[in-house]
Number of protein chains: 2
Amino acid sequence: MTTPQLTKNQSLVFDVLEKAEGPLSAYTILDKLRDHGFRAPLQVYRALEKLLEYGVVHRLESINSFVACAHPGDDCHSHGIVAFAICESCGQVMEFHDHEVDHRLMGWVRGQKFKPEKTTIEIRGLCEACAA
Amino acid sequence: MTTPQLTKNQSLVFDVLEKAEGPLSAYTILDKLRDHGFRAPLQVYRALEKLLEYGVVHRLESINSFVACAHPGDDCHSHGIVAFAICESCGQVMEFHDHEVDHRLMGWVRGQKFKPEKTTIEIRGLCEACAA
DNA sequence: TTGCAGATGTTATGTTATTACATCAATTGC
DNA sequence: GCAATTGATGTAATAACATAACATCTGCAA
Ligand SMILES: [Zn+2]
Ligand SMILES: [Zn+2]
Ligand SMILES: [Zn+2]
Ligand SMILES: [Zn+2]
């Protein structure tokens, strides 16, 4: 997916996510953008919808939050599964791809005649700093 | 985890999930149990909390729903990662384990000095019947 | 019997996400 | 130019998901 020019709201939301230390909820993003004229959740959700579509932002299902992609420009996203390690203490997120994991999962679903659309892999735990 | 005797509310919630065709949201469970005296969400959430702890129910993070374990008595759960394939059309859920996937993911996080606590793998798509 | 722990009941509130409808701006075809 | 279309935006209301706070009850052990 090639990323088109972002609109004003999309840029604002994306900038907030890029500058953030970790994942943010839609309502946290909303609060950070009130000074820029944001008033309603929908302004955030609509921007996020596009940013997710363009692949520049990921949604973390297990914590209802959003994070800027850590590998911008990496076309792995278009044909591979992304996995996340999320620190439950500091919120830091690590993002990675593994073709072997991808292979195993896709092999299994194919055997079940299941047609995959979207896969979520999220590992919650403690990062090195927080586990110490 | 050995499952202790379930309390009244836990049994009611578990029975609803076992008899269901697919995953249910907490509020759907609540509605199904109003005839049995359930009045508030917390009655459901408290029962679910225990059932999740005992490993007899799983939470599907990507659809905010809960499903009875498809492999009761299988102690794989205590040391392995569970993955789900969720049909977005009919709601059917398939549950499986794969030690190779487990290995790869855990190998990667160990390399990052990340201490994993809970892992979510959920594949949304279409089951064989619905994809036809 | 008293004290405790675990389960339950109830109300209120907090958090996340969507529906419905109006308006605005840029583009296209006439 | 000007209507028609399309995509983006603004706003209010509501739906859906989850937890906090506090009271009560029940079984059991000291
Ligand atoms: Zn990414
Ligand atoms: Zn951390
Ligand atoms: Zn299971
Ligand atoms: Zn199906």
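In this structure, of dA18(D), dA8(D), dT9(D), it is dA18(D) that holds the atom nearest to the side chain of Phe66(B). The side chain of Ser25(B) sits closest to dC17(D) out of dA17(C), dC17(D), dT8(C). Nearest nucleotide to the side chain of Arg39(A), out of dT11(D), dT10(C), dG9(C): dT11(D). Side-chain atoms of Arg59(B) lie closest to dA18(D) of the nucleotides dT8(C), dA18(D), dA17(C). When the nucleotides dT19(D), dA7(C), dT8(C) are ranked by their closest atom to the side chain of Lys50(B), dA7(C) comes out on top.
The stacking criteria are not both satisfied for Tyr45(A) over the base of dT18(C), which would need a centre-to-centre distance under 5.5 angstrom and an angle between ring planes under 30 degrees.
Both Asn64(B) and Ala47(A) lie close to DNA chain D; mapped to their nearest nucleotides by heavy-atom distance, the more 5′-ward contact belongs to Ala47(A).
The nearest whole Å value for the distance from the CD atom in Glu61(A) to the P atom in dT15(C) is 21 Å. Taking atom NZ on Lys8(A) and atom P on dC24(C), their separation rounds to 15 Å, with Å as the unit. Rounded to whole angstrom, the span from the CZ atom of Arg46(B) across to the P atom of dT19(D) amounts to 12 Å. In this structure, Asn9(B) atom CG and dT10(C) atom P are separated by 11 Å, rounded to whole Å. Note: CG (Leu30(B)) to P (dT11(C)) measures 14 Å, nearest angstrom. Counting to the nearest Å, the P atom of dA17(C) and the CG atom of Leu42(A) are 13 Å from each other. Rounded to an integer number of Å, the gap from CG of Leu12(B) to P of dA7(C) is 15 Å. The CD atom of Glu49(B) sits 8 Å away from the P atom of dT19(D) (whole-angstrom rounding).
Checking side-chain atoms of Asp102(A) against main-chain N and O of Ile81(A) turns up a donor-acceptor pair under 3.5 Å. Glu18(A) places no side-chain N or O within donor-acceptor distance of the main-chain N or O of Asp15(A), the cut-off being under 3.5 Å.
Ionic pairing of Glu49(A) and Arg46(A) is not present here: no N-O contact between side-chain nitrogen and carboxylate oxygen is shorter than 4.0 angstrom. A salt bridge between Glu122(A) and Arg124(A) is absent, with no side-chain N of the basic residue lying under 4.0 Å from a carboxylate O of the acidic one.
In terms of phosphate contacts, Gln43(B) brings a side-chain nitrogen or oxygen within less than 4.0 Å of OP1 or OP2 of dG9(C). Between Thr7(A) and dG7(D) there is no side-chain polar atom (N or O) within less than 4.0 angstrom of OP1 or OP2.
Under the 30°/60° scheme for interplanar angles, the aromatic rings of Tyr27(B) and Tyr45(B) are found to stand perpendicular.
Residue-to-nucleotide contacts include no donor-acceptor pair under 3.5 Å from the side chain of Tyr27(B) to the base of dA15(D).
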